Number of protein chains: 2
Amino acid sequence: MDKNSPIEFTLAERDASVTITQWVYVTLRNAVMYGQILPGRALTIRELAKELDVSPMPVREALRQLAAENALEIQGNRRVMVPKMTAMKFNELCQARMALESHAAERALPYIDAERLRALQQIDALIDDVQRDGNHGPVSALNQEFHRTLYSANPHQVTLPLIESLWLQLGPFMKLASAHLEVSSQVDRHTEAMDAIEKKDAIALQLAIKSDIREGFNFASTPELLQRFIDESNRHS
Amino acid sequence: MDKNSPIEFTLAERDASVTITQWVYVTLRNAVMYGQILPGRALTIRELAKELDVSPMPVREALRQLAAENALEIQGNRRVMVPKMTAMKFNELCQARMALESHAAERALPYIDAERLRALQQIDALIDDVQRDGNHGPVSALNQEFHRTLYSANPHQVTLPLIESLWLQLGPFMKLASAHLEVSSQVDRHTEAMDAIEKKDAIALQLAIKSDIREGFNFASTPELLQRFIDESNRHS
DNA sequence: TTCATACTTTTGTGATCACAATAGATCCAC
DNA sequence: GTGGATCTATTGTGATCACAAAAGTATGAA
């Protein structure tokens, strides 16, 4: 596993009002989330700094923050890398998502007003549109947007940062796995969720969210399939 | 809210094998956890660096990490402080603990062997001992140790860092609130939990954990009591 | 006394440098 | 060729410095 594989960053615009550290953080976060950094690939501060054309300092801080969010793993040698996925860990992450997000949905339900529901409907319609156009790239980002919009209705939200940490840990594997998969139009349970919201039915909402998460992962429905995708996603590293 | 109030750090031994940044991180984390830094108190890098007798660099990194774990809050002015507690946030944190920890307990249950159970019994016995001696200081740390030992039985654990984040957010308020409280011998549900473990009864274990958490907070069982403790904990700041 | 203005100090940010530890490459004995 | 020791290059860590922005303080007129 050498450090030959280049990293293709999608460099965002660097707004002057934003600190360099924050910009580096966002850039690296996206690179992790969208599988641009292969799991196991050793990252060095100076390499990233050179690649992003900044000094090592902001990179150091961004890496530490991402490690604190469990998006990156600090090895004993103090080297930093995207953690490799295992079947058991994948399973735990899915179960954790279902437990935490169904809870967040329930806690958000009382705060969802007509405007918020309309925003959810808009996002869902947008997902349908891009699915119909065969443009499967932005679907997962839009799907996240749907969930985030739902949970953040709760003005005293404390679980969203934890949920985002889980997304970050699942992100790279999902991207790499779906790359080796003819993307069938993913079905989601957003309609069921919105119906439950209209009826203020907490139980139905939790069920819809859990089903949505579970079915989002059922491209790896059997242990053999899952292991195949894990091998695929780790093969390059 | 000036920066007059001094911070009494309990300086841990600085092992040579540990980086300064890690040592600073642990020191600051304990200071937050044990309410030594009052909520709302503005923290500056240079002040902490001087206090801990290190250069500003490790402090910067430790602060950023703690902020990523939601233990500290970065204000718009880029100032850092311990977040203040509100009644609604307290409620959300409790509910999140119950949801997340009962899930973690359930996922850990299949992995708990005789040795692990014995470790749990030892910790519980130790809690009883110090309670009987009227020494209520280390109880909350031991209580955390009990929960951590339980959840970490799962070798593929992914929720423990999230749980620790919730503990960190509740820690300062709990300490400051309990300071204005004649500490009655807290009863816990550890016995019920261990019984459920022996019977491999997941439902009973989840109930025990949820009850343990809920009753740990019932010093603020009514909204009026809770608000009184919040006012107390914010009064100094 | 009160409030806006100018001045001074402090602060976070980011760059650069020194150093010890680690990793990678080279060389040599077998 | 192959494995192990040595040497070189690279890396993370931590200190120091420069600078612009923010906070704090003094000053002035009303």
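By convention in this document, chain letters (A, B, ...) are assigned in the order of the sequence lines, proteins followed by strands, and residues within each chain are numbered from 1. Note that the structure is predicted; figures quoted are calculated from it, not measured.
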Atom CD1 of I20(A) and atom P of dG12(C): how far apart are they, to the nearest Å?
17 Å

Quick one: which of dG14(C), dT11(C), dG14(D) gets closest to the side chain of T21(A)?
dG14(C)

Is it the case that more than 12 heavy atoms not belonging to D53(A) sit under 6.0 Å from its CG atom?
no

Counting side-chain heavy atoms from C-beta on, which of dG14(C), dG12(D), dG14(D) comes nearest to T44(A)?
dG12(D)

Describe the nucleic acid contact of L63(B) in one word from base, sugar-phosphate, nothing, applying a heavy-atom distance below 4.0 Å.
nothing

In whole Å, I'd like the distance from the CZ atom of R64(B) to the P atom of dT13(D).
15 Å

When only distance counts, do a donor and an acceptor, one from the side chain of R79(B) and one from the base of dG12(C), lie under 3.5 Å apart?
no

In whole angstrom, what separates E47(B)'s CD from dT9(C)'s P?
20 Å

Is the closest side-chain donor-acceptor distance between Y111(A) and Q157(A) under 3.5 Å?
no

Rounded to whole angstrom units, what separation is found between the CD1 atom of I74(A) and the C1' atom of dG12(D)?
11 Å

Gap separating the CG atom of L66(B) from the CD1 atom of I74(B), nearest 0.5 angstrom:
10.5 Å

When the distance from CD of E61(A) to P of dG14(D) is rounded to whole Å, what number comes out?
13 Å

As an exercise, state the distance from CG of L52(A) to CD of E47(A), rounded to the nearest 0.5 Å.
9.5 Å

Between dT10(C) (P) and I45(B) (CD1): distance, integer Å
16 Å

Closest of dA15(C), dG14(D), dA18(D) to the T19(B) side chain is dG14(D)

Interatomic distance, Q22(B) CD vs dT13(D) P [rounded to whole Å]
8 Å

Looking across every strand, which nucleic acid part, if any, lies under 4.0 Å from R60(B) by heavy atom: base, sugar-phosphate, or nothing?
base

Note: I20(B) and P58(B) closest approach over all heavy atoms is CG2-CG, 3.7 Å

Value in whole Å for how far the P atom of dT11(D) lies from CD of E51(A):
13 Å

